[in-house]
Amino acid sequence: MPTTVDRLLVHAGELLTARAGPRGAVGAALEDPEVIPDGALALAGGRIVDVGDSATLLARCDATVVEDMEGRLVTPGFVDSHVHLVHGGTRHAEYDRRIRGLPPPSGAPAGIAATMAHTAATDDAALLARAHRDLDVMLAHGTTTTEAKTGYGDGLDEEWRLLRLTGALSHPVTVVPTFLPAHALPPSQAHDRRGFLDQVVAAVPEAVGRAAFVDVFCDPLGFTVEECERVLAAAQRAGLPRKVHADQTADVGATALAARRGATSIDHVDHADAAAIEALAATGSVAVLLPGVAHHLGELTPDRAGHVAKPHLPAQAQRLVDAGATVALSTDFNPGTSPTPSMQTVLELAVRLFRVSAAAAWQMATINGAHALGLARDRGSLEVGKAADVVVWDVASHQQVTNRYGTNQVRSVLVGGEPVAGEGREGMRSR
Ligand code: NIG
Ligand code: FE
C-alpha cells in the first residue's frame, strides 16, 4: 500500500543528503558525503517523509504532485550560522580606502561605530525593509535558515530595539536571533567602559526567551577575555547558549575561553593556537569559518607592500579538520568585513581560498551549520522527519556549484515543502 505524500521530487542527478553522525560531518566523513544517484525525496506536511532512489520512492509513494528534476542536483538549504542581519547604512567609502591600505575618510566614525551610527539613524520600518530584502537575496541563493545577531546598537536600548525587530521579521527563511551586546564599546558610552560592561552583564538574563544565543567579540578590537568571561558567565547562569567571535585579529585566548564556557560555536578562530583547537574539538564546539572576510579584506593576497596578512588560514582550516572538530562555513554577512549574503559565494571562496573540497564545503554549509545553531535535529540535511527545506540547482553535481563561480545557480527553493524562490515561486511569502 503506497504512502500518500504532498510532493515527490524524482530523478535528481545527485541527491546530496548531508546526512552525518551526531557531531555533524567530521574528519574523513567530510570527503565522503552521502550522494544518491537518480535520487528522490517525498514531502508531506512540511516535512521530509522519505528519501531514496527514484524507482523505490515511485513504488512506495502516492504523490499529489510529482516533479521530475531531470537530472538536476538537489540539496538541503544552506544554514548560515554567523550573520549580522539587522543594520543600517553601508561602508563602501571606508572599504574603498581600506582595501588600498588607507585610513578611513577623516571626520566620520569608522568601523562598527559607523554602522552603529547609521543604524541609530534608521527607523524601524526601514531596518525591517532592508533586512527583508537581504533575506530575499539569501533565499534566492539557497539559504533557508540564518542566524541574526544584534551588535550594531549604540548602547543597550538600541540593542533591545534590534532584538525586537529581529523577532518581528516575517520571512520564509528561518531566523535564529542572537544577542550580541558586547560587539564594540558604543560611542555614546566610550567614557565608561566598566559601567557599560556592568550594564551588559545585568541585561543578559533579560534575553531569555528573546534570543537563542548570547555572543561576544573577544578580540583586541572588541572586548578582553576577562570582560567576555563576565558576559559568558552571565549567559551560562541564565541558561542561554553561547557563541564567541574568537581570536579574529590576534590570539588573545578567546578560543580557549569559549571552549571553557561551553560555547555552541566558536567563530573566526583565525589565530587560535594548537591547544585551543584541541580544547574546541574536545568540547564539541563548532568552529565557524568565514572565508568571505579573508576574501573581502584581501587577507590572503599581497597588499601593495607585498605583505600577506593571514597566509596561514588554509592550514588553520586543515588543523581544525585534523583535530576532529566540527567545522561550519558561514557568510559573516555584515557591512564592514563581509558584505555578501550569499552562502553560494562562501562555498566558492572556501574551495578557492581555504583549499577545501566541494564535498567538505557542502557539508560544512549545511549539516555542520545546523550544529552551529543547535538545530541539527531539524535542519541541515535531507533526512526523514526534518523540515522540508530543499534547494534544486541548475546543475547536475555538487562539484559544479563550486566550480562555476559568480552567478546564481539556484533553480528553486522549497521551505516547509513549498516553493518560495526561483521557478514555481507563486507561493512566495506573504507579509
Ligand atoms: O564578524 N568581528 C566582528 N564583527 C564583524 C565585523 C563587523 C564590522 O566591521 O562591522 C565580524 O567580522
Ligand atoms: Fe561577525
Side-chain angles (χ1 to χ4, degrees), residues 80-99 103-104 108-120 122 130 134 146-154 158-159 162 166 176-187 211 213-224 227-228 231 242-252 254-255 258 263-272 286-299 309-310 313 328-341 343 346 349 369 372-373:
D80 194 351
S81 58
H82 183 136
V83 177
H84 300 260
L85 183 65
V86 183
H87 61 265
T90 75
R91 306 219 302 268
H92 51 270
E94 177 186 318
Y95 177 72
D96 200 45
R97 294 176 59 85
R98 180 177 186 170
I99 199 63
I112 295 169
T115 301
M116 284 179 172
H118 297 151
T119 303
T122 309
R130 161 84 175 270
D134 288 330
T146 184
E147 191 207 27
K149 300 179 191 293
T150 66
Y152 288 117
D154 184 356
E158 273 286 283
E159 278 292 285
L162 297 180
T166 302
V176 178
T178 290
F179 187 45
L180 170 56
H183 191 196
L185 187 62
F213 294 94
V214 169
D215 193 354
V216 289
F217 184 21
C218 195
D219 189 272
L221 298 181
F223 293 90
T224 66
E227 290 167 336
C228 291
V231 180
R242 295 149 308 280
K243 287 177 167 287
V244 177
H245 283 73
D247 302 322
Q248 180 185 359
T249 69
D251 182 5
V252 293
T255 304
T264 303
S265 78
I266 311 180
D267 304 27
H268 292 284
V269 298
D270 300 33
H271 294 282
V286 178
V288 180
L289 300 183
L290 310 157
V293 177
H295 173 66
H296 190 63
L297 301 185
E299 292 172 339
K310 295 184 181 172
L313 285 184
L329 287 169
S330 166
T331 57
D332 194 7
F333 175 57
N334 77 75
T337 63
S338 187
T340 183
M343 280 294 280
V346 164
L349 292 174
L373 288 179

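First listed ligand is number 1; within each ligand, the first listed atom is number 1.
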Check your understanding: Hey, are His245 and His183 close enough side-chain-wise for a donor-acceptor pair under 3.5 Å?
Key -> no
Kindly indicate whether the side chain of [X], heavy atoms from C-beta on, has any atom under 4.5 Å from the side chain of [Y].
X	Y	answer
Asp332	His268	yes
Glu159	Met116	no
His84	Leu162	no
Thr264	Phe213	yes
Leu85	Thr166	no

Revision key, fill the gap. Residues at least two apart in sequence or cross-chain that pass side chain to side chain donor-acceptor pair (under 3.5 Å) with Arg91, listed by chain then number, are Glu94, Thr115
Check your understanding: Any idea which residues sit under 4.0 Å from ligand 1, heavy-atom distances?
Key -> His82, His84, Arg91, Ile112, Tyr152, His183, Phe217, His245, Gln248, His268, Asp332, Asn334, Gly336, Thr337
Review point. Ignoring water, what protein N, O or S atoms are under 2.8 Å from the Fe ion (ligand 2)?
Key: His82 NE2, His84 NE2, His245 NE2, Asp332 OD1
Review point. Hey, does the side chain of Asp247 reach the backbone of Ala254 with a donor-acceptor pair shorter than 3.5 angstrom?
Key: yes
Review point. With sequence neighbours left out, which residue pairs that include part of residues 287-296 fulfil the salt bridge (charged side-chain N to carboxylate O under 4.0 Å, His left out) condition?
Key: none
